Amino acid sequence: MHKLILGLALSLAFTGAAVADEITAIYDKSCKICHQAGVAGAPKTGDAAQWAPRLEKGMDALVMSVQNGMGVMTAKGMCFDCSADDYKALIKYMAEAK
Ligand code: HEC
């Protein structure tokens, strides 16, 4: 029984890691260009204080901003095959303090 639970926990941990890798890969080739250094007022990745007022708008509003573009940020934020769920994961990734 213990082995079964352990196996289950491990496989869950691995799928979690795979999803996280996919998100960082998307981040690296799209959002990072502007959000890593905070280009043109972009909220910086890992700076929770800069993200806090954005997060207050609610996740759906933020996803809309990316899809439609905002200021310097081009529509879709340079990720042309991202789904709404991808954007949510990307936003969470950027908003988490590192
Ligand atoms: C060309 C540069 C650029 C790229 C690429 C970019 N952003 Fe942005 N982003 C910005 C800037 C600049 C702002 C601030 C806009 C403002 O406040 O006027 C911003 C703001 C945001 C916001 C806050 C929106 C709001 O309503 O407050 C979110 C969320 C966001 N970006 C997510 C992303 C995601 C996810 C990606 C990658 C898929 C991405 N951005 C790619 C420049 C960029």
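First listed ligand is number 1; within each ligand, the first listed atom is number 1. A quick note: this is a predicted structure, and the numbers were derived from the prediction, not measured.
Cysteine sulfur proximity is not satisfied for C34 and C31, their SG distance being 2.5 angstrom or more.
Considering I26, L62, V63 as possible partners of Y87, the one that fulfils the side-chain contact (heavy atoms from CB on, under 4.5 Å) test is V63.
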Next item on the list: Given side chain to side chain contact (heavy atoms under 4.5 Å, CB included), test H35 with M73 step by step and report yes or no.
Entry: CA-CA 10 Å; H35 284 271; M73 179 162 61; 4.1 Å; yes
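A single hydrophobic cluster is seen to contain both W51 and I23, as judged by linkage of ILVMFWY side chains at heavy-atom distances under 4.5 Å, directly or through other members.
Few gaps surround CD on Q67; more than 12 heavy atoms of other groups in view lie less than 6.0 Å from it.
For Y27, the side chain to side chain donor-acceptor pair (under 3.5 Å) partners two or more places apart in sequence, or in a different chain, are Q36, T45.
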Could you pull out the N/O contacts under 3.5 angstrom between ligand 1 and the surrounding protein atoms?
| unit_1 | atom_1 | unit_2 | atom_2 | d |
| --- | --- | --- | --- | --- |
| ligand 1 | 7 (N) | H35 | NE2 | 2.8 |
| ligand 1 | 9 (N) | H35 | NE2 | 2.9 |
| ligand 1 | 17 (O) | R54 | NH1 | 2.9 |
| ligand 1 | 17 (O) | R54 | NH2 | 3.1 |
| ligand 1 | 26 (O) | K57 | NZ | 2.7 |
| ligand 1 | 26 (O) | S65 | OG | 2.6 |
| ligand 1 | 27 (O) | R54 | NH1 | 2.9 |
| ligand 1 | 27 (O) | K57 | NZ | 2.6 |
| ligand 1 | 31 (N) | H35 | NE2 | 2.9 |
| ligand 1 | 40 (N) | H35 | NE2 | 2.8 |

